[in-house]
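Below is one structure, written out as structure tokens; comments come after it.
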Amino acid sequence: MSPYLLGIDSGLTVTKAVVFDEEGRQQGLGAANNVHSSPHPRWVELDMELVWEGCMAAIRHALKDADITGEEVASIGLTGHGDGVYPVDEKGEPTAPAVLSLDSRSEGILERWRASGVAGKLTCLTGQRPFAAQSPPILAWFKENEPEVFEKTKQLLYVKDWLRYKLTGEYATDPTDAAGGFTDIQTQDYSSETFPLYGLEGFKDKLPSIVGCAEVSGEVTAEAAEMTGLAAGTPVAGGAHDVDAAAIGVGCVGPGTLVAIAGTWSNNEVVSEEVMTGDGWLCRSFVTPGRWLNVSGSPASSANLEWFVKQLCPAEVERAEKSGASPFDFVNAEVEAVLGERSAVFYHPFLYGSPHGSEASAGFFGVRGWHTRGHLLRALLEGTVFNHKTHIEALRTGFEFGRVRLTGGGSKSGLWSQMLADAVDFPVEVTDAEEAGALGAALLAGVGAGVYGSLEQATERTVRLLRTHEPDPEAHERLERAYETYTDLVEALEPLWSRIG
């Protein structure tokens, strides 16, 4: 019998467990929602124990859906949203709710670092300018504002590392998540120079050891096996940050292709074989030593559509819940009804953040009494595409690539995928992987378990192209004009955002 691989992907909104066969075909899926809380403005938190409970339920459901037992799983791969903090004490218990990468409470600390020149030094050392979602500024915030949490914290984890600990009892992370602010971009290992710059002297001992993304980092304990249906002793691989796992899941393990992830975040990324730093992207360790992933992103992509539908379309949501359909099924028809018109309504998709500073906020512009919901939805889709374009244009200044591979929630929409191709003027490819992040994690586990001889062999065997969207010259010209208006609105509003907020 062919071995099965389990990929676990804990994102900002959902934790998914997916069973794959060795050809990369999905055999079973389980999912559990991650429900945020925002007790104060700029705070976005998650109950860590609920994340683990959701993960257990997702694993059990995935095994049942695949009609297999835990004994048939050869290895387990982990991935999850990057950045944020999942802090635990000496007994492995949470010292505070998890702080997510949508959180911006540390912005005041970042302003001081920028003014003092610390941010510039860190950029040269770590390959990325400090930003609010990173663990170092969040930890600095705890040190200043909740010192009791800071003192109690004995291990700083990321979400996949928290799940690893609950599965195996082992503390570990991988090079891609470790690169979230504490590693030297050249050596790809923890840098002692970073800690005093952050004001976090002595914190290095509280960081987990770094293991290879495909290396075994622990085995499922008897206790975790009983709670999940997995077999005790099943190996768990090091795993990767979800942007890296998604790149693997769509077959991009080297230079030449840009990967666009349209999820809660707009992440746009290119692999390089040398360190490339610039103002418009972050340079971090990739899953393969000696390679780097260059990411330009902001939390402003397809989550905007989820917000619009859930907040402003209650009748459609209710009908979908009763029928078991998707609450987004009505969107394409309403957008297509107005797609032939000139772009007259514009939308800034900055609900949770932007490439233009922490004060930027979302908004519709140009709305008139004769406009319909379809016009607003079209503007929303175009706005999220334009935000991707902003990041892709930044990457084009430093990297060469000939195609775009799209994944995430936005890739499920042929309309949105074509809109992206037209806006960026590149062919946009979509693979058949519905859960690219989980597949990438599973492939790393498969390499570690010997199912595949290498990561390249794994992707050649499992990644299949589903469709390609060629850019339409006429649509590109129209969207170029609309993008110019979109960016002019950004520039005009920049002095006002702090007053609006």
Requested in this report: Measure centre to centre between the rings of Phe203 and Phe150, then say whether the value is under 6.0 Å.
Outcome: yes
In this structure, CG of Leu200 is separated from CZ of Phe182 (nearest 0.5 Å) by 5.5 Å
Verify the neighbour count for atom CD of Gln457: are there more than 12 heavy atoms of other residues, nucleotides or ligands below 6.0 Å?
yes
Note: Asp89-Lys91 ion pair, threshold 4.0 Å (strictly below):
no
Surrounding CD of Glu201 (heavy atoms of other residues, nucleotides or ligands, distance under 6.0 Å), is the total greater than 12?
yes
- Item | Over 12 non-hydrogen atoms of neighbours within 6.0 angstrom of CD in Glu434 | no
(request) Check the surroundings of atom CD in Glu400: do more than 12 heavy atoms from other residues, nucleotides or ligands lie under 6.0 Å from it? (result) no
(request) Would you please say whether a donor-acceptor pair under 3.5 Å links the side chains of Thr187 and Asp189? (result) no
CA sep, side-chain torsions, deciding dist, call: Ile76, Ile8, side-chain contact (heavy atoms from CB on, under 4.5 Å)
CA-CA 8 Å; Ile76 300 168; Ile8 298 172; 4.0 Å; yes
Only one of His391, Lys389, His388 passes side chain to side chain donor-acceptor pair (under 3.5 Å) with Asn268, and that residue is His388
In Lys160, Arg164, Arg284, the residue satisfying salt bridge (charged side-chain N to carboxylate O under 4.0 Å, His left out) with Asp177 is Lys160
Donor on one side chain, acceptor on other, Glu71 and Thr69, under 3.5 Å
yes
Check: Is a salt bridge present between Arg461 and Glu22, judged by a nitrogen-to-oxygen distance below 4.0 Å?
Finding: yes
query = Any luck finding a side-chain donor-acceptor pair between Asn304 and Thr384 under 3.5 Å?
reply = no
Determine whether a donor-acceptor pair (N or O, by modelled atom type, separation under 3.5 Å) exists between the side chain of Gln188 and the backbone of Arg291.
yes
Within a 6.0 Å radius of atom NZ on Lys152, are there more than 12 heavy atoms belonging to other residues, nucleotides or ligands? no
- Crowding at CD, Glu90 (>12 non-hydrogen neighbours, <6.0 Å): no
- Message: Does atom CD (Glu223) have a neighbourhood of more than 12 heavy atoms from anything else shown, all under 6.0 Å?
- Response: no
_Are Tyr165 and Val88 packed together at the side-chain level, in the sense that at least one heavy-atom pair is separated by less than 4.5 angstrom?_
no
